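Residue indices begin at 1 and follow the sequence shown. Note that the structure is a prediction, hence the values are computed from the model and not measured.
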Amino acid sequence: MWMLRGYVSALPIELEEAAAVDGASRPRILLSVVLPLLRPGIIATAMFAFISAWNEFFFALVLLKSDTLTLPLVLARFVGAEGKVSLGPLAAASVFATLPSLAIFAIVQRRLTSGLLAGAVKG
């Protein structure tokens, strides 16, 4: 919420006022002007929340039983006794662990930049 609050406060109020002068109602201003301008911020905030949840290690370590593991806990198992690391399998598993985040970013990447000024012009 704090990340999105900074993005919302950066929106110029003049765009909303201009839409109101043009005769748009409050819901129309929200849907046609504000929401297209907020879309990149909402997507960036959602991606940040997803990556934070995806990489959660401590809560999974404390709360889950040994038969149920999340991906960060599985990656931690590649570190053996006395700090010996199986680098090959760990690297391969790490690549697979980053694929969902990369796929989501690749899908929403163009929406991050296309919505920057989508509601700023009349038309």
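The hydrophobic cluster analysis finds V95 isolated: no Ile, Leu, Val, Met, Phe, Trp or Tyr side chain comes under 4.5 Å of it, directly or through other members. Clustering of Ile, Leu, Val, Met, Phe, Trp and Tyr by side-chain heavy atoms under 4.5 Å joins W2 with none of the others.
To the nearest 0.5 Å, the span separating CD1 on I29 from CD on E16 amounts to 6.5 Å. Distance CD1/I43 to CG/L38: 11.0 Å, rounded to 0.5 Å. Expressed to the nearest 0.5 Å, how far CZ of R5 lies from OG1 of T45 amounts to 13.5 Å. One finds the CG atom of L15 at 12.5 Å from the OG atom of S32 (value rounded to the nearest 0.5 Å). With values rounded to the nearest 0.5 angstrom, L71 atom CG is found 9.5 Å from T98 atom OG1.
Y7 and M3 fall into different hydrophobic clusters, where Ile, Leu, Val, Met, Phe, Trp and Tyr are joined by side-chain heavy atoms under 4.5 Å apart, directly or via other members. A single hydrophobic cluster is seen to contain both L31 and V8, as judged by linkage of ILVMFWY side chains at heavy-atom distances under 4.5 Å, directly or through other members. Side-chain heavy atoms closer than 4.5 Å link hydrophobic residues (I, L, V, M, F, W, Y) into clusters, and following such links, even through other members, never connects F50 to L102. Grouping the Ile, Leu, Val, Met, Phe, Trp and Tyr side chains by contacts below 4.5 angstrom, directly or via other members, places I13 apart from L11.
Two residues are said to be in side-chain contact when any heavy atoms from C-beta on lie closer than 4.5 Å; I42 and R39 fail this criterion. Side-chain contact check for L75 versus L90: some heavy-atom pair is nearer than 4.5 Å. When side chains are defined from C-beta on, L37 does not count as touching V34, because their heavy atoms never get closer than 4.5 Å.
In terms of the ring pair (Phe, Tyr, Trp, His ring centres under 6.0 Å) criterion, F48 has no residue partners (sequence neighbours excluded).
Taking both residues in full, the closest heavy atoms of S86 and P89 are given as O-CD, 3.5 Å, listed atom of the first, atom of the second, then distance. The minimum heavy-atom distance between T70 and A60, with the atom names listed, is OG1-CB, 3.5 Å.
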